[in-house]
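When a residue number appears, it is its place in the shown sequence, counting from 1. As the structure is a prediction and not an experimental result, all values here were calculated from the model.
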Amino acid sequence: KRWERILSIIGMIGVFSYNLILAGRTLLVMSAMGLSAAFIFAIVTSTNKRRRNIIIAVALIVATVLIAYTQNWFGIREWILGSNLSLRFDLMSFGDDTRLERKRMFFTNMFSYPFGGGELRELGGGYAHELFLDAYSDAGLIAYVILVIFVADSVIKLVNVLRTDHVSNDYKLLLLCVHTAVLAQFFLEPIIQAVPWLLCNFCFISGML
């Protein structure tokens with residue numbers, strides 16, 4: 001419904017505005033992946049007329065945002081460039097993130113500590129910021145393999161649901177976006193150690209699928 005879309009847009013603007021203060025980069029990655037997945041799904045599943053309307057609408061939104069930023073409407077560019085998030089990007093880009101180096105270190109040394117015990121975390125000086133590698137560090141190879149199989153099986157179930165005719169596209173889109181965002185989070189944060197409820201909810205959704 002139109003009013004639901006308007007509320008959703010207002011909510012997203014509020015979340016992203018607050019994120020300028022929190023300076024979180026994970027939200028940007030999750031949102032970009034979720035919106036991209038939604039756009040691709042809408043294009044693939046729509047009729048030619050609706051597909052054209054979606055492309056035009058997205059192009060207009062992107063153009064409006066770019067013009068508003070470049071022309072500094074209502075001081076939006078100054079607001080963004082003066083935010084904590086902009087300052088964080090000035091100090092460190094995505095490529096400079098120490099998490100990438102830790103992931104490489106975890107992969108390089110993982111077979112030296114097949115039984116976990118937190119040795120990899122001690123060696124790397126912190127978490128790998130990934131569900132699978134951090135689980136490997138704490139619980140070893142068996143836990144790592146089980147988690148990989150479980151998440152892969154959930155993705156396969158999701159694909160099967162997306163290919164099912166008797167499930168509505170709205171429900172498919174919801175499942176796709178939630179899965180995409182959660183999977184992105186799995187590769188960005190130490191899930192079991194920091195947000196175990198997220199994995200529990202993912203298990204619940206996977207069970208529903």
Side-chain angles (χ1 to χ4, degrees), residues 15 18-19 22-38 40-41 84-85 88-89 91-164 167 171-209:
V15 168
Y18 190 45
N19 191 58
L22 298 179
R25 296 174 298 174
T26 300
L27 177 66
L28 301 181
V29 175
M30 293 172 59
S31 301
M33 293 182 65
L35 290 171
S36 297
I40 294 172
F41 179 82
N84 294 336
L85 181 62
R88 188 176 184 185
F89 276 115
L91 297 175
M92 182 175 62
S93 66
F94 275 108
D96 297 328
D97 198 329
T98 56
R99 286 182 286 191
L100 298 176
E101 183 58 37
R102 285 181 189 168
K103 290 179 192 293
R104 286 193 289 267
M105 187 281 300
F106 272 53
F107 273 117
T108 302
N109 298 279
M110 63 190 308
F111 290 112
S112 299
Y113 307 98
F115 302 108
E119 299 291 341
L120 281 174
R121 185 169 66 251
E122 293 294 328
L123 182 65
Y127 293 112
H129 283 257
E130 180 187 309
L131 167 66
F132 310 102
L133 290 176
D134 284 319
Y136 187 103
S137 175
D138 281 351
L141 180 61
I142 294 177
Y144 177 85
V145 172
I146 289 175
L147 275 173
V148 170
I149 292 174
F150 169 68
V151 174
D153 178 66
S154 182
V155 172
I156 292 173
K157 290 174 181 173
L158 173 65
V159 173
N160 290 336
V161 171
L162 295 179
R163 297 172 62 182
T164 301
V167 177
Y171 190 62
K172 291 178 181 179
L173 183 60
L174 176 63
L175 288 173
L176 176 62
C177 290
V178 169
H179 256 74
T180 301
V182 173
L183 290 175
Q185 187 83 324
F186 281 176
F187 286 95
L188 295 170
E189 300 295 344
I191 303 301
I192 295 178
Q193 297 83 358
V195 282
W197 56 266
L198 182 63
L199 180 60
C200 293
N201 285 341
F202 183 79
C203 292
F204 182 75
I205 295 173
S206 180
M208 285 170 38
L209 286 176

Worksheet entry | Pairs involving residues 178-198, ordered by first then second residue, that meet ring-ring contact (aromatic ring centres under 6.0 Å, His included) (sequence neighbours left out) | Phe132-Phe187, His179-Phe202, Phe186-Phe202
Discussion item. Applying salt bridge (Lys or Arg N to Asp or Glu O under 4.0 Å) as the test, list every pair that has at least one member in residues 140-149; sequence neighbours left out.
Written reply: none
Practice prompt. Sequence neighbours left out, what passes side chain to side chain donor-acceptor pair (under 3.5 Å) with Glu130? Give chain and number order.
Written response: Lys103
Worksheet item: Tell me the salt bridge (Lys or Arg N to Asp or Glu O under 4.0 Å) pairs involving residues 197-209, sequence neighbours left out?
Response: none
Worksheet entry | Ala181: partners by side chain to side chain contact (heavy atoms under 4.5 Å, CB included), with sequence neighbours left out | Met30
List the atom pairs, donor and acceptor, that lie under 3.5 Å between side-chain atoms in residues 110-127 and the rest of the protein, sequence neighbours left out.
{"unit_1": "Arg121", "atom_1": "NH1", "unit_2": "Asp138", "atom_2": "OD1", "d": "2.5"}

Discussion item. For residues 179-197, which residue pairs pass the salt bridge (Lys or Arg N to Asp or Glu O under 4.0 Å) check, not counting sequence neighbours?
Written reply: Arg99-Glu189
Fill in: For Lys172, all residues meeting salt bridge (charged side-chain N to carboxylate O under 4.0 Å, His left out), sequence neighbours excluded
none
Item to complete: Scan for salt bridge (Lys or Arg N to Asp or Glu O under 4.0 Å) pairs involving residues 144-159, sequence neighbours excluded, and state none if there are none.
Response: Asp153-Lys157
Fill in: Set of residues satisfying side chain to side chain contact (heavy atoms under 4.5 Å, CB included) with respect to Ile192, sequence neighbours excluded
Leu131, Ala135, Leu147, Leu199
Discussion item. Just to verify, what does Tyr144 make a ring-ring contact (aromatic ring centres under 6.0 Å, His included) with, not counting sequence neighbours?
Written reply: Tyr136
Discussion item. Which heavy atom of Gly24 sits nearest to which heavy atom of Asn19, and what is that distance?
Written reply: O-ND2, 2.8 Å
Worksheet, complete the sentence: Hits for side chain to side chain contact (heavy atoms under 4.5 Å, CB included) against Ile142, two or more places apart or cross-chain, chain-then-number order -> Ile146
